[in-house]
Asks: 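Supplied in structure tokens, the structure appears directly below.
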There are 2 protein chains.
Amino acid sequence: MSIRIGILGYGNLGRGVECAVAASPDMELAAVFTRRDPASLSIATAGVPVVSVKDTESWRDKIDVMILCGGSATDLPVQGPEYARQFHVVDSFDTHARIPEHYEAVDKAAKETGHIGIISVGWDPGLFSLARVYGNAILPDGKDYTFWGRGVSQGHSDAIRRIRGVRDARQYTVPVPEALEAVRAGKDPDLTTRQKHTRECYVVLEEGADAAYVEQAIKTMPNYFDEYDTTVHFISEEELQKNHSRLPHGGSVIRSGRTGHQKENHHVMEFKLDLDSNPEFTTSVLVAYARAAYRLAEEGQTGCRTVLDVPPAYLCTQSGEELRAHLL
Amino acid sequence: MSIRIGILGYGNLGRGVECAVAASPDMELAAVFTRRDPASLSIATAGVPVVSVKDTESWRDKIDVMILCGGSATDLPVQGPEYARQFHVVDSFDTHARIPEHYEAVDKAAKETGHIGIISVGWDPGLFSLARVYGNAILPDGKDYTFWGRGVSQGHSDAIRRIRGVRDARQYTVPVPEALEAVRAGKDPDLTTRQKHTRECYVVLEEGADAAYVEQAIKTMPNYFDEYDTTVHFISEEELQKNHSRLPHGGSVIRSGRTGHQKENHHVMEFKLDLDSNPEFTTSVLVAYARAAYRLAEEGQTGCRTVLDVPPAYLCTQSGEELRAHLL
């Protein structure tokens, strides 16, 4: 029997989940839930009902795992605990600083109602967290480095779009090659924010906007840009659509550590991602953890989990026996 | 209270475990067990008893986890089930084809006696298996690649040493740079054995040995060298000691996959290791999984496990709360 998946929210993530479920032979998409008028929403998969979020209650027995595809800023802090009372849920909550409180809220709701919730699934937090945990556990005497990019930061792109005179913008986060090389070579450098990443901005101006003002406003924006070497390129709307319409991303988590009685041996563990589509990859991770949520629930487990709590084998369609014979 | 570790077998792996336990604040080395005369063995850690393997029975209540440091060819297939009857055990069994039967043997012994056994721990099998499993689960439509090296293959070095006229030898397995680049670039090449790795041999001849014969014997050796482009360098014993006495290794597991309704987006996941000391890194992994074995045992779990079955958080000294706040 297939695992029946529900999608709550049909933006970039919802569409990615739909695509990843279609690529999973052990799953079927049961329904898409939306805050919009369901009649107004056309989805990619034929024959799958689109339902108002007000009607989730009547779907409790028809959904095995609900994948929450809202945003971390305002949607998921509410939706996580709310829907963990009705379903086994998986989300991609990625506000690192607020993970502990989100965990507690989902844990309470899930335990009280006998559900499983897996939160903060994706690549950072998610696979990058796993790389950090394996690295720290195996090389306790070492340093952690995380580099992001080259890739589009949607938060930074949005921040540029809020500047007066900007019609559209795309911001790429780029690791500094020399920093990355020094870390890979085991030099264990101490790196400032500026030494680790640069920021490249592609900006389409409104008619008659002041380019010098916009450039200055970007480069001095606190938290987002002021601590980085930032370059600003003004381009046409056509060029933005042609060359910057995709959402690539990636990066590396590196653990650089030492062993030996005199700490004479050096080791580098690196986990690296190079992604054409950030949302489609993120949702591929979400769907693998939906499979794990289903299995944990089948075992009668309840409460909140993160990627750190889930045995890797639970992500796979294969049995333990098959995994040991072919992938171990 | 510290986790009390026993080491069974004091070769390269045993010494590495000793070192990794010393670097773990939550562990202590309780005893080293040897097949040799205990009086003849001097170990690095002061004050730790060296005990004959014949006397393990009386240590059952004084060891929390026994780390089996024997070889995979003949030691571990016997020691795994034997000591899983007395202790919670961890081993580095690495004969991929025989993992299923080793698993069954350890599982039976451990279940019958209420113990936990974690087998095939290290980096391949081990961390590389994890990378394969995460890669396959997340990108079901994709290809797996494993590259080993640049690093010393002890099996291949031993094979050279068995040739008449060879005094000593060191063999490096080297990934072909063009193959690695093509995979990283997402070209999904089909690669033959010869296209993936080359083999570099550094050989010290016996006095008066026939170099041409030795070179020919190496290059045509079935399974070990005949399917590879192999280079042979004859060097002095001094040079071997000076430049080739360490045991570096490493490699990459790469999952190259596609997502999207038209499979239009390509993603590369790479897990890469660059290790100065293969045995010291392997034993660092063993010790992290000894911590996991202790926790699984504390929960009352029994039977055999592999790295695929162990939640990542179990490897860490930190609590779940600390991990969520700082590493997730």
Side-chain angles (χ1 to χ4, degrees), chain A residues 16 19-20 22-25 44 96 99-100 103 120 125 127 129-134 136-141 184 186 259-261 264-277 280-281 284-285 288 291 306-313 315-317 320-321 323-325 327-328, chain B residues 16 19-20 22-25 44 96 99-100 103 120 125 127 129-134 136-141 184 186 259-261 264-277 280-281 284-285 288 291 306-313 315-317 320-321 323-325 327-328:
Chain A
C19 204
S24 302
H96 287 263
I99 288 173
Y103 179 92
S120 300
L127 303 185
S129 322
L130 288 170
R132 286 188 280 266
V133 160
Y134 283 114
N136 276 265
I138 291 160
L139 295 174
D141 185 356
R184 285 186 180 139
T259 64
H261 289 291
E264 65 275 23
N265 288 311
H266 181 260
H267 312 283
V268 179
M269 303 168 67
E270 176 171 357
F271 177 68
K272 185 167 180 284
L273 293 175
D274 186 359
L275 314 173
D276 272 357
S277 164
E280 282 184 13
F281 185 80
S284 297
V285 183
R291 182 176 294 122
T306 74
V307 297
L308 307 181
D309 306 309
V310 176
L315 307 179
C316 296
T317 55
E321 216 163 4
L323 292 175
R324 287 191 290 277
L327 286 179
L328 194 67
Chain B
C19 205
S24 302
H96 287 262
I99 287 174
Y103 179 93
S120 301
L127 303 184
S129 322
L130 289 171
R132 285 187 281 264
V133 160
Y134 283 115
N136 276 265
I138 291 161
L139 295 173
D141 185 357
R184 285 187 179 138
T259 63
H261 289 293
E264 64 275 24
N265 288 312
H266 181 260
H267 312 283
V268 179
M269 304 169 66
E270 176 170 357
F271 177 68
K272 184 166 180 285
L273 292 174
D274 186 1
L275 313 173
D276 271 359
S277 165
E280 281 184 13
F281 185 80
S284 297
V285 184
R291 182 176 295 119
T306 74
V307 296
L308 307 181
D309 306 309
V310 176
L315 307 179
C316 296
T317 54
E321 218 163 3
L323 292 175
R324 286 190 293 276
L327 286 178
L328 192 67

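Both backbone and side-chain heavy atoms feed into the values below; hydrogens, waters and symmetry mates do not. So you know, we letter chains A, B, ... as the sequences are listed, proteins then strands, and number each from 1.
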Asks: Using the test side chain to side chain contact (heavy atoms under 4.5 Å, CB included), find all partners of A/T306 that sit at least two apart in sequence or belong to another chain.
Replies: A/Y103, A/I119, A/L308, A/D309, B/R324, B/L328
Asks: Looking at A/D276, A/T317, A/V307, A/L275, which one has more heavy-atom pairs under 4.5 Å with chain B than the rest?
Replies: A/D276
Asks: Taking side-chain hydrogen bond (donor to acceptor under 3.5 Å, both in side chains) as the definition, give me every residue that meets it alongside A/T259, ordered by chain and number, with sequence neighbours left out.
Replies: A/H267, B/E280
Asks: I'd like to know whether CD of B/E264 has more than 12 heavy-atom contacts from other residues, nucleotides or ligands below 6.0 angstrom.
Replies: yes
Asks: Which bit of A/A20 is near chain B, if near means a heavy-atom gap under 4.5 Å: side chain, backbone, both or neither?
Replies: neither
Asks: For residues A/A44 and B/H261, report the shortest heavy-atom separation together with the two atoms involved.
Replies: CB-NE2, 3.7 Å
Asks: Below 4.5 Å from any heavy atom of chain B, which atoms of A/I99 appear? Answer side chain, backbone, both or neither.
Replies: side chain
Asks: When heavy-atom pairs shorter than 4.5 Å are enumerated against chain B, which of A/V268, A/D141, A/L127, A/V133 gives the highest number?
Replies: A/V268
Asks: If you measure from CG on A/L327 to OH on B/Y134, what distance do you get to the nearest 0.5 Å?
Replies: 13.5 Å
Asks: Where does A/L130 contact chain B at under 4.5 Å (heavy atoms): side chain, backbone, both or neither?
Replies: side chain
Asks: What residue, out of A/L139, A/I138, A/N136, has the most heavy-atom pairs lying under 4.5 Å from chain B?
Replies: A/I138
Asks: Within the 4.5 Å heavy-atom criterion, are B/H96 and B/P125 side-chain neighbours or not?
Replies: yes
Asks: Select one option (side chain, backbone, both, neither) describing which atoms of A/V310 are under 4.5 Å from chain B's heavy atoms.
Replies: backbone
Asks: Tell me, side chain or backbone of A/A22 under 4.5 Å from chain B's heavy atoms, or both, or neither?
Replies: neither
Asks: Tell me, out of A/S277, A/S129, A/P312, A/A137, who's got the most heavy-atom pairs with chain B below 4.5 Å.
Replies: A/P312
Asks: Nearest 0.5 Å please: distance from the NZ atom of B/K272 over to the NZ atom of A/K272.
Replies: 9.5 Å
Asks: For A/S120, is it the side chain, the backbone, both or neither that has a heavy atom under 4.5 Å from a heavy atom of chain B?
Replies: side chain
